[in-house]
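In this text, all values refer to a predicted model and were calculated from it rather than measured experimentally.
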Number of protein chains: 2
Amino acid sequence: MTKLQFRKWQSVQDEVLRRIHAREWKPGQLIPNEADLASDFGCARVTVNRALREIAEKGLLDRRRKAGTRVVLQPVAKATLDISVIRMDVEARGQRYDHQLIQRDISKPPATVSGAMRTSASAQLLQLKALHLADMLPYAFEDRWINTNIVPEATAETFTDISSNEWLLKHASYTHGDITFSAVNANKDQAEALGCITGAALFVMDRITWNGDFAVTKVRIFFAQGHRMQTVL
Amino acid sequence: MTKLQFRKWQSVQDEVLRRIHAREWKPGQLIPNEADLASDFGCARVTVNRALREIAEKGLLDRRRKAGTRVVLQPVAKATLDISVIRMDVEARGQRYDHQLIQRDISKPPATVSGAMRTSASAQLLQLKALHLADMLPYAFEDRWINTNIVPEATAETFTDISSNEWLLKHASYTHGDITFSAVNANKDQAEALGCITGAALFVMDRITWNGDFAVTKVRIFFAQGHRMQTVL
DNA sequence: CAGTGGTCTAGACCACGAT
DNA sequence: TCGTGGTCTAGACCACTGA
């Protein structure tokens, strides 16, 4: 009905994906070069290039100059995770978001933290512990360290009205981050904060955010029991 | 020294990212349109377009026709996970990979499985349980159901010489998949297989792979205690 | 060396959507 | 309505790298 958007490169991409999925082009097989495909599809070579490039970025094709383009034997699936502010996650579920500041200290972090953040062993950092709530029930427990050398304004902020995550997005910029997901058994403090039994399996996200070579913040988030993180291939 | 690759679009992208990170272009701010940037950078508009398009896909820019391009207020970080065959993960860590088939049955799955796979409630599926080993130590325990209506050849395969994952990649194609990550306390069977105590927190990946509207396979993988999944922003 | 993909350009038309 | 981004083209040159 509605023709909507003549994205020729996308129809080329769809057709190529169809041929791969239908095994018309088998794993390991060389496919025609860009110029031939362009005349087959009746479009410019650049259009074919864009279609194939995106498929190669997804990991389904292996492209090499002179050698041509092949269907990969064992595709490495690329799943994309959207890591947003926790408030957004909660509100996207149609729930009411609240947060409680549990602790706020300036102190010398344990060696594991200063090591991971590459701060000097004697440096004082700002530590925050907070609870995120969805519909008044515990959603996640957060343990964060902020590098006040990089973000000195943080020492003047109470973090009672705004979560540290959102405050940092407004006041600090970053260039990249490292994320790790794991599972841990809840200790007494975490169990108490999240309202579960000690030893319950918790889904954990660790994140260190960098601005160039300097760590801006390190945060460990313990999600309430039963939390799931979903994505698609 | 080596100039290597004149990718003008990438130098444009680097410069734009620098301006965003340096807050020269602040969150929420409108940046110059493509034509102006092109003349500023001394390149074609298409080159600017490619540079900005990729940044927008990463979630740092919001682009709208007529309205122009803005730096987003709260960037939603996109993290990409590479989901490969477990053997590859193990070997990438420099460890020896082995696997053991623990169970192989054709039976009617529980309602949760047939429901998730959208197979008829009375359909028989092939169930496999297997252990993945790294340097002879348990790495992950896998519980899999295969839809033999979609992949009938599976009924003739023993899965003793090749893991089900790699066999499926060779013999079945898929169009998309759903993935969920969570944490669970190990039950007695899982604890025994993985060599941990009952109740240990395990990192779990659930995956359903589809070919069009039909589920090819559903797998639940319990990783050994302490497993971490890493990525970057 | 030569074939293939990677990139760039100038110009063009179009889809969208803010105003 | 009309400014902006989205896409397409034909042609060109270049960077790789397999043979």
Side-chain angles (χ1 to χ4, degrees), chain A residues 1-17 19-20 25-73 75-76, chain B residues 1-17 19-20 25-73 75-76:
Chain A
M1 202 65 59
T2 51
K3 201 60 140 315
L4 284 187
Q5 307 190 163
F6 282 10
R7 289 190 280 197
K8 194 170 284 193
W9 67 266
Q10 210 172 42
S11 63
V12 170
Q13 191 177 72
D14 289 345
E15 173 59 16
V16 170
L17 285 172
R19 293 185 188 179
I20 293 172
W25 289 339
K26 298 186 172 56
Q29 184 179 333
L30 195 64
I31 76 172
N33 67 32
E34 292 189 348
D36 290 347
L37 287 174
S39 62
D40 283 357
F41 289 123
C43 65
R45 185 168 76 89
V46 160
T47 304
V48 173
N49 182 281
R50 171 156 187 195
L52 297 186
R53 191 205 323 141
E54 292 209 345
I55 298 177
E57 283 168 2
K58 283 187 217 155
L60 285 174
L61 290 176
D62 183 28
R63 318 195 72 198
R64 291 188 201 172
R65 286 161 161 148
K66 168 72 177 178
T69 300
R70 290 178 183 280
V71 181
V72 300
L73 285 170
V76 175
Chain B
M1 199 53 59
T2 52
K3 203 58 141 317
L4 284 188
Q5 308 190 159
F6 283 7
R7 288 188 284 195
K8 193 171 285 192
W9 67 266
Q10 209 172 41
S11 63
V12 171
Q13 191 177 71
D14 290 345
E15 173 59 17
V16 170
L17 285 173
R19 292 185 188 179
I20 294 173
W25 288 338
K26 297 185 172 56
Q29 184 178 336
L30 195 65
I31 76 173
N33 67 32
E34 291 189 349
D36 290 347
L37 287 174
S39 62
D40 283 355
F41 289 123
C43 65
R45 185 169 74 91
V46 157
T47 303
V48 173
N49 182 279
R50 172 155 186 194
L52 297 187
R53 190 205 322 141
E54 292 208 346
I55 297 176
E57 284 169 2
K58 283 188 217 154
L60 285 174
L61 290 176
D62 183 27
R63 318 195 72 199
R64 292 188 200 172
R65 285 162 160 144
K66 168 72 179 178
T69 300
R70 289 177 183 280
V71 181
V72 300
L73 285 170
V76 175

OP1 or OP2 of D:dT7 under 4.0 Å from side-chain N/O of A:R7:
yes
Atom-pair distance (CD on A:Q10; C1' on D:dT7), nearest Å:
12 Å
When you measure from the side-chain N and O atoms of A:R64 to the phosphate of C:dT4, is any distance below 4.0 Å, counting only OP1 and OP2?
no
Between atom CD in A:E34 and atom P in D:dT9, what is the gap in whole Å?
13 Å
Would you indicate whether the side-chain heavy atoms of B:L17 and B:L60 approach each other to under 4.5 Å?
yes
Neighbour count above 12 (heavy atom, 6.0 Å) for A:R64 CZ:
no
Provide the closest heavy-atom pair for A:A51 versus A:V12 in the form atom of the first, atom of the second, distance.
CB-CG1, 3.7 Å
Could you state the CD1-C1' distance from B:I31 to D:dG5, rounded to the nearest angstrom?
11 Å
Looking only at D:dA15, D:dG5, D:dG18, the nucleotide nearest the A:R65 side chain is D:dA15
What is the distance, rounded to the nearest whole Å, between atom CG of B:L61 and atom P of D:dG5?
11 Å
B:R63 (side chain) donor-acceptor with B:T69 (main chain) under 3.5 angstrom:
no
Test: side chain to side chain donor-acceptor pair (under 3.5 Å). Region: residues 50-60 of chain B. Which pairs qualify, not counting sequence neighbours?
B:Q13-B:E54
Pull out every residue in residues 36-58 of chain B that has a heavy atom closer than 4.0 Å to any atom of DNA chain C, ordered by number, or say none.
B:G42, B:C43, B:A44, B:R45, B:V46, B:T47, B:R50
Between C:dT4, D:dG5, C:dA18, which nucleotide has the shortest distance from any of its atoms to the side chain of A:N33?
C:dT4
Taking all non-hydrogen atoms of both residues into account, name the closest pair between B:V72 and B:P27 and its distance.
O-CB, 3.8 Å
Counting only side-chain N and O atoms of A:T69, is one of them less than 4.0 Å from OP1 or OP2 of C:dG5?
yes
Scan for side chain to side chain donor-acceptor pair (under 3.5 Å) pairs involving residues 35-46 of chain A, sequence neighbours excluded, and state none if there are none.
A:E34-A:R45
Rounded interatomic separation in angstrom, taking CZ from A:R63 and C1' from D:dC16:
14 Å
Quickly work out the B:K66 NZ to D:dG6 P distance and round it to whole Å.
15 Å
